**Q** 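One structure, as structure tokens, below. Some questions next.
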Amino acid sequence: MRVTVRFFARLRDLAGTGELVRDVAGPATVQTVWTSLVSEMPSLGEYEKAMSVAVNAEYARMAAPLREGDEVAFLPPVSGG
Amino acid sequence: MRVTVRFFARLRDLAGTGELVRDVAGPATVQTVWTSLVSEMPSLGEYEKAMSVAVNAEYARMAAPLREGDEVAFLPPVSGG
Amino acid sequence: MVPLVAVGSAPLDLAALTTAVLTGSVPADAAAAQGTGDGAIASFAGLVRDHNLGRRVRFLEYEAYEPLAIRAMERIVEEARAAWPSARIGLHHRTGRLEIGEASIIIVAASAHRGDAFAACRYAIERVKQIVPIWKREHFEGGDVWLEGAVADPDDTAARQKAYKIACA
Amino acid sequence: MVPLVAVGSAPLDLAALTTAVLTGSVPADAAAAQGTGDGAIASFAGLVRDHNLGRRVRFLEYEAYEPLAIRAMERIVEEARAAWPSARIGLHHRTGRLEIGEASIIIVAASAHRGDAFAACRYAIERVKQIVPIWKREHFEGGDVWLEGAVADPDDTAARQKAYKIACA
């Protein structure tokens with residue numbers, strides 16, 4: 001299945017893009033996608049312990065299952081205000 | 001000596017005026033003036049225990065001495081804000 | 001220039017007071033204190049409510065002993081500066097007849113960080129209610145009454161401590 | 001109408017947000033909630049400072065995951081309403097390039113009494129820094145860096161309690 005991946009802030013810089021599309025074999029979770037991305041771009045790995053994720057613009061857990069067409073976002077620690 | 005007396009808020013209503021002039025024999029304190037005013041207008045007396053006073057627009061004590069031309073103000077509990 | 005402390009019958013202007021606090025109200029200050037180190041502004045406005053103690057309020061009337069009110073407010077500015085050296089505050093109080101929804105007081109506190117700005121702002125309104133010689137007469141449906149709160153005593157350290165604790169809690 | 005929650009690149013307008021909070025941002029609300037029971041407004045503005053951690057800041061750049069940021073801010077509005085039922089808040093966050101002295105966030109809290117208004121306002125800024133997906137990139141003299149604060153987790157009850165304690169202290 002095909003999912004859209006979004007990166008923000010420094011994760012976007014590390015990935016070199018704010019958005020990309022990946023085909024993953026189902027059943028897949030956020031973790032599946034993340035693991036695949038880190039093997040592709042190892043520098044992302046430093047965020048694994050200090051990151052939030054969202055699916056379709058709702059906060060989610062790494063174990064959240066994904067469906068065709070989902071948007072998965074990887075978020076560094078926030079610094080708004 | 002001559003002093004100006006000022007009343008505010010409900011004390012002004014009770015006194016029927018916001019300002020009056022009194023001649024008092026020196027040496028006089030704020031207390032001297034107040035005692036004389038209460039004997040003249042007994043309804044003011046209820047404020048003796050819950051009142052602030054000022055001399056020449058500075059907070060003062062009842063024992064503060066007065067001089068010719070001073071402005072003495074009697075202030076009910078405040079309710080600004 | 002808009003002064004940092006004012007008492008008068010004109011409607012209050014939060015934006016103007018904010019600018020005064022950020023830039024310094026005295027022209028000579030403006031060059032030195034551009035306010036560019038300020039990361040936080042906390043503001044407060046007190047509004048006339050349409051009811052109080054079960055009464056339907058028609059309007060309020062505020063009376064001030066103006067020269068002493070200005071001095072008391074300047075004292076509050078100094079107390080806040082002593083307690084939160086990085087914070088600067090301004091406060092304006094309105095007098096005369098105020099309709100429902102109008103602002104009777106505005107306070108602005110600017111500081112490098114939000115904790116000090118909130119604390120200085122909160123401290124200022126608590127102290128206004130303790131020591132500034134201003135009174136409100138409530139005109140409600142069926143009558144009117146002078147409201148009375150605290151016996152003003154700027155030297156009452158217990159009252160001052162109470163305001164400080166509320167601000168820092 | 002000005003919405004109670006917004007994220008965007010336009011300069012922030014505290015007066016407009018205050019009106020929205022007082023009158024209700026939805027036209028249908030306006031008749032029911034004229035805001036005439038409100039006796040207090042507490043506001044907060046975060047400003048871009050000219051220095052940070054010893055660096056001379058040139059400007060900031062804010063980036064948001066907008067749909068999630070809006071949802072997180074709406075969540076904060078609901079959390080504040082649950083904690084202080086008499087209080088209503090609005091918050092706007094700016095994105096894009098911000099110069100020194102410009103406001104990155106404004107928050108307005110209205111309530112019958114000042115205690116709830118101050119608490120709801122303070123709570124909101126603490127929660128923004130915990131859970132709203134917005135990031136600032138600091139452009140300083142000599143480089144730039146993404147600032148990172150809290151790992152956003154709206155279900156982290158310890159973080160929420162911390163914000164509540166700071167607000168109510």
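Quantities reported herein were computed from a predicted structural model and do not represent experimental measurements. Convention: sequence-line order gives letters A, B, ...; per-chain numbering from 1.
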**Q** Tell me, side chain or backbone of D/Ile125 under 4.5 Å from chain A's heavy atoms, or both, or neither?
**A**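 Side chain only.
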**Q** Specify the closest pair of heavy atoms between D/Glu63 and A/Phe7, including all atoms of both residues, with the distance to one decimal.
**A**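 That closest heavy-atom pairing would be OE2-O, 4.5 Å.
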**Q** Just so I understand: if I count every heavy-atom pair under 4.5 Å between each of D/Leu91, D/Val132, D/Val128 and chain A, which residue has the most?
**A**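 If we count pairs closer than 4.5 Å to chain A, D/Val132 comes out on top.
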**Q** Judged by atom type as modelled, is there a donor-acceptor pair below 3.5 Å linking the side chain of D/Trp135 to the main-chain atoms of A/Phe8?
**A**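 Flag not set: sc D/Trp135 to bb A/Phe8 has no pair under 3.5 Å.
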**Q** Using modelled atom types and a 3.5 Å cut-off, is there a donor and acceptor pairing between side-chain atoms of A/Ser79 and backbone atoms of D/Lys136?
**A**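 Yes: the side chain of A/Ser79 pairs with the backbone of D/Lys136.
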**Q** For the residue pair A/Leu75 and D/Pro133, what are the closest heavy atoms and their distance?
**A**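 Between these two residues, the closest heavy atoms are CD1-CB, 4.4 Å.
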**Q** How about D/Leu68 and A/Arg6: do any of their side-chain heavy atoms sit closer than 4.5 Å?
**A**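 D/Leu68 does not reach A/Arg6 side chain to side chain.
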**Q** Below 4.5 Å, heavy-atom pairs only: which of D/Lys129, D/Glu66, D/Glu61 has the largest tally toward chain A?
**A**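 Top count of heavy-atom pairs under 4.5 Å with chain A: D/Lys129.
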**Q** I need the D/Tyr65 OH to A/Glu71 CD distance, nearest 0.5 Å.
**A**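 Those atoms lie 3.5 Å apart.
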**Q** Could you tell me which non-hydrogen atom of D/Ala152 sits nearest to which non-hydrogen atom of A/Val78, and how far apart they are?
**A**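 Closest approach of D/Ala152 to A/Val78: CB-CG1, 4.0 Å.
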**Q** Determine the minimum heavy-atom distance between D/Gly149 and A/Pro77, stating which atoms define it.
**A**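 Distance-wise, the nearest heavy atoms are O-CB, 3.5 Å.
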**Q** Considering only heavy atoms, which portion of A/Asn56 lies under 4.5 Å from any heavy atom of chain D: side chain, backbone, both, or neither?
**A**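 Just its backbone gets close to chain D.
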**Q** Taking the side chain as C-beta and beyond, is there a heavy-atom pair between D/Arg75 and A/Tyr59 under 4.5 Å?
**A**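 Not in contact.
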**Q** Sort D/Ala64 into side chain, backbone, both or neither according to what part of it lies under 4.5 angstrom from a heavy atom of chain A.
**A**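 It is the backbone, since no side chain atom gets that close.
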